[in-house]
Colleague: 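Structure provided below as structure tokens; questions to follow.
Everything numeric in this text was worked out from a predicted model, so none of it was measured.
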Amino acid sequence: MRDMILKAVAQPPKIFWGPVLPVALNVGLQFPLMFMMIGVGDVNPLIFVCSILLVHGAVVLAGTREPHLSAMIQAFGQTNKVSNNLYPERGNKFEP
């Protein structure tokens, strides 16, 4: 096997020591909220900077416990779909 494949599986991508998807969600939600609150309410941006750092620290801790957190979130989004079962069964069946 190639080293690149093993490295990608063993060491998922990270941004500032945190898994990519939760870090991107943190920044993608808090930065627009910060700029809106600064524009509308004249709020001190230091509050949001501290909040971004605290949430990033929590994401880093969660990422150390489960390094494949981004892949787990993506897999949950793909499997959380309602399927139409051909036969009356309880739950979702992933068969046609």
Side-chain angles (χ1 to χ4, degrees):
M1 291 185 126
R2 291 180 163 172
D3 290 335
M4 290 173 27
I5 295 172
L6 293 175
K7 186 176 180 181
V9 171
Q11 299 172 346
K14 297 185 179 293
I15 297 177
F16 295 116
W17 306 284
V20 173
L21 190 59
V23 170
L25 287 172
N26 178 30
V27 172
L29 291 175
Q30 289 203 28
F31 268 127
L33 183 66
M34 176 178 70
F35 289 125
M36 285 189 290
M37 293 299 289
I38 289 170
V40 172
D42 197 29
V43 178
N44 188 359
L46 188 60
I47 296 169
F48 290 99
V49 171
C50 292
S51 172
I52 289 170
L53 292 176
L54 285 174
V55 173
H56 183 75
V59 168
V60 168
L61 287 176
T64 56
R65 295 189 70 187
E66 182 57 56
H68 297 281
L69 192 59
S70 295
M72 290 172 56
I73 292 172
Q74 289 173 349
F76 176 75
Q78 292 173 358
T79 59
N80 196 21
K81 296 178 183 173
V82 177
S83 65
N84 295 327
N85 298 336
L86 292 175
Y87 306 108
E89 294 280 330
R90 201 180 320 173
N92 289 334
K93 306 294 180 206
F94 294 108
E95 57 190 32

Colleague: If you measure from NZ on Lys14 to OG1 on Thr64, what distance do you get to the nearest 0.5 Å?
Modeller: 8.0 Å

Colleague: Could you go step by step and tell me if Leu21 and Leu69 meet the side chain to side chain contact (heavy atoms under 4.5 Å, CB included) rule?
Modeller: CA-CA 8 Å; Leu21 190 59; Leu69 192 59; over 6 Å; no

Colleague: What closest approach, in Å, do Phe16 and Val60 show between heavy atoms, and which atom pair accounts for it?
Modeller: O-CG2, 3.9 Å

Colleague: Do Phe35 and Met37 belong to the same hydrophobic cluster, where Ile, Leu, Val, Met, Phe, Trp and Tyr are linked whenever their side-chain heavy atoms lie under 4.5 Å apart, directly or via other members?
Modeller: yes

Colleague: Considering all heavy atoms of both residues, which atom of Ile73 and which atom of Pro22 are nearest to each other, and what is their separation?
Modeller: CD1-CG, 3.9 Å

Colleague: Could you state whether Val23 and Trp17 fall into the same hydrophobic cluster, counting links through intermediate Ile, Leu, Val, Met, Phe, Trp or Tyr residues with side-chain heavy atoms under 4.5 angstrom apart?
Modeller: yes

Colleague: Applying a strict under-4.5 Å side-chain criterion to I, L, V, M, F, W and Y, I'd like to know whether Ile38 and Leu33 cluster together.
Modeller: yes

Colleague: Hey, what do you get for CD1 (Ile52) to CD1 (Ile47), rounding to the nearest 0.5 Å?
Modeller: 12.0 Å

Colleague: Tell me whether Val59 is reachable from Leu25 by hopping between hydrophobic residues (I, L, V, M, F, W, Y) whose side-chain heavy atoms are closer than 4.5 Å.
Modeller: no

Colleague: Within this structure, what is the CG-OG distance for the pair Asn26 and Ser51, rounded to the nearest 0.5 Å?
Modeller: 7.0 Å

Colleague: Quick check for you: to the nearest 0.5 Å, what is the distance between Leu46 atom CG and Met34 atom CE?
Modeller: 10.5 Å

